[in-house]
Amino acid sequence: ADVLAEGGRLANPREFGAFLAALHVPHRVGQVELPLDPLSRADPTHLAKGLRTWVVRCEEAGLAPPSAAIERMLEQTELGPSQMAPCWMHGDLHMRHPIVDEACRVVGVIDWGDLCLAPPVGDFSLYWYGLLPGQRPALLAGYGPVDPATLAAARRWSAYVCLALMASSVSLGHDVVLAAAREGLRRTLLD
């Protein structure tokens, strides 16, 4: 099964946090030649520009993205640089890549083609779109401390990914992905 069956929701946030902690060990940097953040996920300016581009693309696809809520998120989120060291990051960890069991617990992850070295902003997008606010502390309990700038950048990346999936789903006719991406965006914008 995949996480789309549950609208992109994760049922085992603590265990998933432990998985991310095992993946994000900074001392692994340098052991393998990997690109350094090729999509600039940790760059606040790049994220804001990309978000606004995907809002326009969603509008062009006939969707009504919550543009005002996204602008409020961009205005309210004070971003400095991530305090987390570059580490191994899956790089494309969105709702189509976790594999879940019948209870919607993550049991695997696919599509490692974007593995890179970066602050783990991209991998924390699931913190936002895969969980409701009350579930998010469980992911951090499994992971450990994450600085506010990293979580703020991950929130922007989460919205970016959801909008990109929404726009591409319309042109491809992927109604299940569209519904999950919309729900993920709704969760991302919840405080």
Side-chain angles (χ1 to χ4, degrees), residues 3 6 8-32 34-48 50-51 69-70 72-95 97-100 103-109 111-112 114-162 184-191:
V3 75
E6 295 293 325
R9 184 183 60 82
L10 299 178
N12 62 339
R14 186 181 185 101
E15 292 85 359
F16 194 74
F19 162 76
L20 289 178
L23 175 62
H24 295 162
V25 176
H27 74 270
R28 291 184 178 169
V29 173
Q31 292 179 351
V32 176
L34 293 172
L36 182 60
D37 197 11
L39 296 179
S40 302
R41 293 168 191 89
D43 178 345
T45 304
H46 172 79
L47 285 174
L51 264 169
I70 290 167
R72 281 192 304 276
M73 178 190 66
L74 290 172
E75 291 168 5
Q76 294 171 354
T77 306
E78 302 228 355
L79 285 179
S82 171
Q83 300 302 305
M84 300 183 79
C87 58
W88 284 16
M89 184 175 71
H90 180 279
D92 193 22
L93 193 54
H94 62 71
M95 64 188 70
H97 295 151
I99 303 300
V100 298
C104 206
R105 293 181 310 235
V106 177
V107 295
V109 175
D111 193 356
W112 291 84
D114 289 317
L115 184 68
C116 64
L117 299 176
V121 168
D123 290 355
F124 274 106
S125 59
L126 280 164
Y127 171 88
W128 294 102
Y129 68 71
L131 301 170
L132 292 169
Q135 298 170 307
R136 293 176 185 149
L139 188 140
L140 296 180
Y143 186 88
V146 178
D147 67 288
T150 297
L151 288 178
R155 188 177 193 191
R156 287 182 176 191
W157 185 254
S158 175
Y160 180 103
V161 168
C162 289
L185 183 59
R186 184 191 71 79
R187 283 191 294 263
T188 297
L189 297 174
L190 292 173
D191 289 322

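Just so it is clear, the values below take in all heavy atoms, side chains as well, and ignore hydrogens, waters and symmetry mates.
Residue L115 holds its CG atom at 11.5 Å from CG of L93, rounded to the nearest 0.5 Å. The line from OG of S158 to NE2 of H94 is 11.5 Å long, rounded to the nearest 0.5 Å.
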Audit row: H97, D111, side chain to side chain donor-acceptor pair (under 3.5 Å) steps and yes/no:
CA-CA 7 Å; H97 295 151; D111 193 356; 3.1 Å; yes
Please walk me through it: do R186 and L190 pass side chain to side chain contact (heavy atoms under 4.5 Å, CB included)?
CA-CA 7 Å; R186 184 191 71 79; L190 292 173; 3.6 Å; yes
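Contact record, W128 with A154: CD1-C, 3.5 Å, taken as the closest heavy-atom pair. Shown here for P137 and G134, the closest heavy-atom pair between the two residues is CD-O, 3.6 Å. Residues M84 and Y143 approach most closely at CE-OH, 3.4 Å, considering heavy atoms. Between P120 and C87 the shortest heavy-atom distance is CD-SG, 4.0 Å.
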Identify all side-chain donor-acceptor contacts of residues 10-17 below 3.5 Å with residues at least two apart in sequence or on another chain.
| residue | atom | partner | partner atom | Å |
| --- | --- | --- | --- | --- |
| N12 | OD1 | V106 | N | 3.0 |
| N12 | ND2 | V106 | O | 3.4 |

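Taking the ring-ring contact (aromatic ring centres under 6.0 Å, His included) definition, one finds that W157 meets it with Y160, sequence neighbours left out. The side chain to side chain contact (heavy atoms under 4.5 Å, CB included) check on A159 picks up L51, M73, L185, T188, with sequence neighbours excluded. By the side chain to side chain donor-acceptor pair (under 3.5 Å) test, S82 pairs with T150, sequence neighbours left out. Applying the side chain to side chain contact (heavy atoms under 4.5 Å, CB included) rule to P145 yields no partners; only residues at least two apart in sequence or on another chain are considered. Applying the side chain to side chain contact (heavy atoms under 4.5 Å, CB included) test to D37 and every residue at least two apart in sequence or in another chain returns R41, A42, A118.
Side-chain atoms of D114 never come within 3.5 Å of backbone atoms of D92 as a donor-acceptor pair (strictly under, hydrogens ignored).
Tested against H90, the residues F124, W112, F19 include a single ring pair (Phe, Tyr, Trp, His ring centres under 6.0 Å) partner, W112.
Residues L151 and L140 have side chains in contact (heavy-atom distance under 4.5 Å, counting atoms from C-beta outward). Looking at heavy atoms from C-beta onward, L126 lies in side-chain contact with P98 at the 4.5 angstrom threshold. Counting heavy atoms from C-beta on, the side chains of L131 and R187 never come closer than 4.5 Å. Put simply, the side chain of Y127 does not reach to within 4.5 Å of the side chain of R155, judged on heavy atoms.
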